[in-house]
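Working notes, structure below.
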There are 2 protein chains.
Amino acid sequence: MALPRQYSGGANGNRSLERGIEILRAFRPGIDTLGNGEIAERTGLPRSTVSRLTKTLVALGMLDEIKAERNYRLAAAVLSLGHAVRMGSPALRVLGPLMRAESTRRKLNVGLATADRAMMVYLESIRYNPRPTLRSIVAGQQVPMELTSLGRAYLAGIPDAERDRLIGQFQRRSAAATRALVADVQKSIRVVRRDGYCAASWQPGVLAVATPMVVESLPVYAINMSLQDIEPSDDLAKEIGGYLMAFAERCKEALSGLQDFRG
Amino acid sequence: MALPRQYSGGANGNRSLERGIEILRAFRPGIDTLGNGEIAERTGLPRSTVSRLTKTLVALGMLDEIKAERNYRLAAAVLSLGHAVRMGSPALRVLGPLMRAESTRRKLNVGLATADRAMMVYLESIRYNPRPTLRSIVAGQQVPMELTSLGRAYLAGIPDAERDRLIGQFQRRSAAATRALVADVQKSIRVVRRDGYCAASWQPGVLAVATPMVVESLPVYAINMSLQDIEPSDDLAKEIGGYLMAFAERCKEALSGLQDFRG
DNA sequence: TAACCTAATTCCATTTAGTGGAAATGACCG
DNA sequence: CGGTCATTTCCACTAAATGGAATTAGGTTA
């Protein structure tokens, strides 16, 4: 007695595939292992369905089964898919070298991100450190769209309908402080319209500025520059903003000749 | 008129989910964009089925649709899943710092990998470079199991049945030179049994040695050390092998106290 | 060692939701 | 503007997925 088709999205899609992917998405940083029971709770799926789908995902190499603990963990195949994302991204291929050079030149962090639902996902985040050995590159990390300069710059770069849909999701996400938050987000978007970038300091001691990067036939991206362990100030934001705008100009130039290369 | 259930694996699983994941796997480094037609060819699925599944995958955020070119590309959500793999891996959490230190100390590349089908996937690959700025970390990259020391060490660490199954896949993969290749693989496995590690030099100017890492309630891993831009020799392999065995010992120690910490 | 308790998994009748071929639509080119 | 190719939608069909119930397996205590 399968349920009538009235699940999450509403739009038609392959239900089993949706559910399987939703199971994979239940795993995220901080939620490393899950048993079938927990997955059923988190996803709202029937236990027997979860049991069958996790079995399939294990057979496909997407989940590792930890028999002793009766639970699962994301498997290596998922990681290699993630690697394929980066290798296949023409934006990253073009901008990666520029970003590394700029990070070294300005001595600050440079990031490139795009959206996954209501989160921003770093395609590349180059963390500057005075000690070269400690410099690092992170990819795939998520930060909340509504709180970060990255996310707000992104919002300024996408079509109105999409933006409204996302702002609706922020409201559903955090019941508290919603009114003020949405106003703040919209203010940031206006600032991006005016100055080309916006600044935010959602982590103490960290100042970040970001700008949208809209290119034909690519998803909308956002580029950010940030400094940690400093005292955020308007003057500092303005200085970094200047660097960012100059850099973004060069990025757009580098990206403009992309569609010719079929890649 | 759906086909009777006699597809790929044979074992029962959710067919739609299998197909959807197989579509994602059709994208890999070098195959950045695919249209529905190409996907249908590569996967052997009917065109209409592919059309529907890609639509679902786009709705789920796993594929980006490039309308202008009528094709698809892996999307950011896949990358964040890949990031979750690394964050959720207790092996990487424990061994990552050790590997970085060892790479700096010995001035060579250190890698940690496990299997995805007949490929080895790097959970972490620390590329040593005399210029600290150029040191890099790669994750998710695949190398062929049968040609690499990493893969052969892995084969030496897994149960017999699994190993035989994989060796069968090598034969199907490369029709040529199969006989000699399989013998070579089996020789490497015996060397691992004897010395604890094996060496291989499948890329010119690169020497790599690897050892399996078998820990209760974790997938089997392999650790490697490698040098590039050198002349491979038995003596050099022996020297690196010595470093590797000492390092692996410390790794096993560090990993042994894992199951107590539930995570 | 056995009995208990909890939770995961298999079973099974039900019927939905996925299927693939055919038709229609849409893009691209001369 | 008409022709050609590829992609997507439509549709009748039924196989395959479904969820509740029954069963099995694990872990714990006496």
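The sequence lines fix the lettering, A, B, ..., with proteins before strands; numbering per chain opens at 1.
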Exercise. When you look at B/Arg165 and B/Glu162, which way does the salt bridge (Lys or Arg N to Asp or Glu O under 4.0 Å) test go after all the steps?
Worked result: CA-CA 5 Å; B/Arg165 206 179 53 76; B/Glu162 180 71 359; 3.0 Å; yes
Problem set entry | Test log, rule salt bridge (Lys or Arg N to Asp or Glu O under 4.0 Å), inputs A/Arg117 and A/Glu22 | CA-CA 13 Å; A/Arg117 298 187 174 174; A/Glu22 224 45 63; 3.2 Å; yes
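Each of B/Arg42, B/Arg73, B/Glu41 was checked for a side chain to side chain contact (heavy atoms under 4.5 Å, CB included) with B/Leu34, and the lone residue meeting it is B/Arg42.
For B/Arg28, the CZ atom sits in a loose shell: 12 or fewer heavy atoms of surrounding residues, nucleotides or ligands are nearer than 6.0 Å.
Between B/Leu53 and A/Gly35, the residue whose closest nucleotide on DNA chain C is further toward the 5' end is A/Gly35. Nearer the 5' end of DNA chain C, as judged by each residue's closest nucleotide, is the contact made by A/Glu65, out of A/Glu65 and A/Leu17. For the pair B/Thr54 and A/Lys67, both in contact range of DNA chain D, the more 5′-proximal nearest nucleotide belongs to B/Thr54.
Regarding A/Leu34, its CG atom lies at a distance of 12 Å from the P atom of C/dA8, rounded to whole Å. Rounded to an integer number of Å, the gap from CD of B/Glu38 to P of D/dT8 is 12 Å. For the pair A/Leu45 CG and D/dA17 P, the interatomic distance rounds to 15 Å; values are reported in whole Å. What separates CD of A/Glu18 from P of D/dA17 is a distance of 15 Å, to the nearest Å. Atom CD1 in A/Ile39 sits about 14 Å away from atom C1' in C/dA7, given to the nearest Å. We find that CG of B/Asn71 is positioned 16 Å from C1' of C/dG26, with the value rounded to whole Å.
OP1 or OP2 of C/dT19 has at least one side-chain nitrogen or oxygen of B/Arg52 nearer than 4.0 Å. Put simply, B/Asn14 has a side-chain N or O that comes within less than 4.0 Å of OP1 or OP2 on D/dT18. The side chain of B/Arg19 places an N or O atom within less than 4.0 Å of a non-bridging phosphate oxygen (OP1 or OP2) of C/dG20.
Comparing D/dT18, D/dT9, D/dT7 by their closest approach to the side chain of A/Arg15 singles out D/dT18. For A/Arg47, whose side chain is taken as the heavy atoms from C-beta onward, the closest listed nucleotide among D/dT8, C/dA27, C/dT9 is C/dT9. Side-chain atoms of B/Lys55 lie closest to D/dT9 of the nucleotides C/dA8, D/dT9, D/dT8. Side-chain atoms of B/Thr49 lie closest to C/dT19 of the nucleotides C/dT19, D/dG26, C/dT10. When distances run from any side-chain atom of A/Asn36 to the nucleotides C/dG18, D/dT7, C/dA8, the shortest one goes to C/dA8.
A/Arg70 comes within 4.0 angstrom of the backbone, heavy atoms only, and of no base. The residue A/Ala40 sits apart from the nucleic acid: no heavy atom pair falls under 4.0 Å. Heavy atoms of A/Ser16 sit under 4.0 angstrom from primed sugar atoms or phosphate atoms, though from no base atom.
The side chain to side chain donor-acceptor pair (under 3.5 Å) search around A/Arg47 returns none, not counting sequence neighbours.
Of the N and O atoms on the side chains of A/Gln142 and B/Ser80, at least one donor lies less than 3.5 Å from an acceptor on the other residue.
Where the helix from C/dT1-D/dA30 to C/dG30-D/dC1 starts and where it ends, the local axes point in directions that differ by 50°; five pairs per end, rounded to 10°.
In this structure, A/Lys55 does not pair ionically with A/Glu65, as no charged nitrogen and carboxylate oxygen lie closer than 4.0 Å.
The minimum heavy-atom distance linking B/Pro144 with B/Met119 is given by the pair CA-SD, 3.8 Å.
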